[in-house]
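Here's the structure, in structure tokens; my notes come after.
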Amino acid sequence: MRNRGPRLGSILLLFTVAMLCVAVLAVLSLETARADLTVAKRGAQTVQQVYKMEQMGQEWLAQACGALSGAEQADSASEIWHNGKASAQLETENRVLHIELAVQTDGTVRIERWENLPRWQQDTAIGNLWDGNVQKEE
């Protein structure tokens, strides 16, 4: 009788499949980490833009309150305040801040509107979408 060595075919096949699974999982983990980094960077950029707009709004609010209290020249007060109301629209390339103020009867300033919104941009990459008009067939 012949003495045959151990059969390695099935073990080698099992090992190859296991290594392929590990390689696929490693690639998927790297891609997930890269996507998470991209999302985190975009979120950080958005937060920086929001805070920049808030700072601009606070500076405008201080200027408006200073003009109302007479700390600044009367010309600047007439440019900002009209009939007890003041409004501003501050813009950057990606955000818009709408501010509306009103003077109350006791002389305090009330913020009636403070909206820090992203600037809307139409996405034309989608293609030709239905515009809502119905065309009648003749």
Side-chain angles (χ1 to χ4, degrees):
M1 281 181 94
R2 287 167 109 183
N3 213 1
R4 291 172 64 183
R7 290 186 165 177
L8 295 177
S10 59
I11 292 174
L12 184 61
L13 182 63
L14 180 64
F15 182 74
T16 304
V17 169
M19 291 309 293
L20 281 174
C21 289
V22 168
V24 167
L25 287 175
V27 168
L28 289 175
S29 295
L30 289 174
E31 285 299 311
T32 302
R34 187 183 60 79
D36 287 346
L37 178 63
T38 302
V39 169
K41 284 182 179 179
R42 191 176 307 143
Q45 183 181 20
T46 300
V47 168
Q48 286 176 344
Q49 291 170 355
V50 167
Y51 285 144
K52 179 181 177 183
M53 288 302 297
E54 290 293 323
Q55 180 184 3
M56 288 172 59
Q58 291 294 330
E59 290 170 357
W60 183 86
L61 180 63
Q63 180 184 6
C65 289
L68 184 65
S69 67
E72 296 186 17
Q73 296 176 355
D75 293 338
S76 65
S78 64
E79 290 176 6
I80 296 175
W81 293 95
H82 304 286
N83 298 328
K85 294 193 178 269
S87 64
Q89 181 171 323
L90 308 174
E91 299 182 16
T92 62
E93 60 187 43
N94 296 326
R95 300 201 69 81
V96 178
L97 176 63
H98 301 281
I99 304 172
E100 292 179 6
L101 307 174
V103 177
Q104 296 182 342
T105 56
D106 60 354
T108 59
V109 175
R110 180 174 155 217
I111 299 174
E112 293 185 341
R113 181 179 182 195
W114 189 284
E115 287 183 309
N116 192 344
L117 303 171
R119 184 184 298 274
W120 183 81
Q121 296 174 352
Q122 182 177 3
D123 186 6
T124 57
I126 295 174
N128 190 9
L129 296 177
W130 179 54
D131 61 0
N133 294 328
V134 178
Q135 297 176 356
K136 295 182 181 180
E137 295 180 20
E138 293 181 26

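The structure presented is a predicted model; accordingly, all values stated were derived computationally and were not measured.
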- Task: Check the pair Val109, Leu68 against side chain to side chain contact (heavy atoms under 4.5 Å, CB included), reporting the backbone distance first and the verdict last.
- Result: CA-CA 9 Å; Val109 175; Leu68 184 65; 3.5 Å; yes

- Message: Less than 3.5 Å apart, any donor N or O on the side chain of Thr92 or Asn94 sitting next to an acceptor on the other?
- Response: no

- State the OG1-CG distance between Thr32 and Leu37, to the nearest 0.5 angstrom. 12.5 Å

- Can you see which heavy atom on Ile99 is nearest to which on Gly57, and at what distance? CD1-CA, 3.8 Å

- Rounded distance [0.5 Å steps], CE in Met19 versus CG in Leu14: 12.0 Å

- If you look only at pairs with a residue in residues 33-53, which of them pass as a side chain to side chain donor-acceptor pair (under 3.5 Å), with sequence neighbours excluded? Glu31-Arg34

- Under 3.5 Å, is there a donor-acceptor pair between the side chain of Arg95 and the main chain of Asn116? yes

- Do Gln55 and Trp60 get their side chains close enough for a donor-acceptor pair, meaning under 3.5 Å? no

- Leu97 reachable from Leu61 in the ILVMFWY side-chain graph, under 4.5 Å edges: yes

- Task: Rounded to the nearest 0.5 Å, what's the gap from NE2 on His98 to CD on Gln89? Could you check?
- Result: 4.5 Å

- Query: Under 4.0 Å between a Lys/Arg side-chain N and an Asp/Glu carboxylate O for Glu91 and Arg119?
  - Reply: yes

- Query: With no hydrogens and no angle check, is any side-chain donor or acceptor of Trp81 less than 3.5 Å from a backbone partner on Ala67?
  - Reply: no

- Residues Trp114 and Glu54: closest non-hydrogen pair is NE1-OE1, 3.0 Å

- Message: Measuring from atom CD of Gln58 to atom CE of Met53, what distance do you get when rounded to the nearest 0.5 angstrom?
- Response: 12.0 Å

- Query: At their closest point, which heavy atom of Leu101 faces which heavy atom of Ala64, and how far apart are they?
  - Reply: CD1-CB, 3.9 Å

- Query: By the rule that ILVMFWY residues connect when side-chain heavy atoms come within less than 4.5 angstrom, directly or transitively, which residues belong alongside Leu117?
  - Reply: none

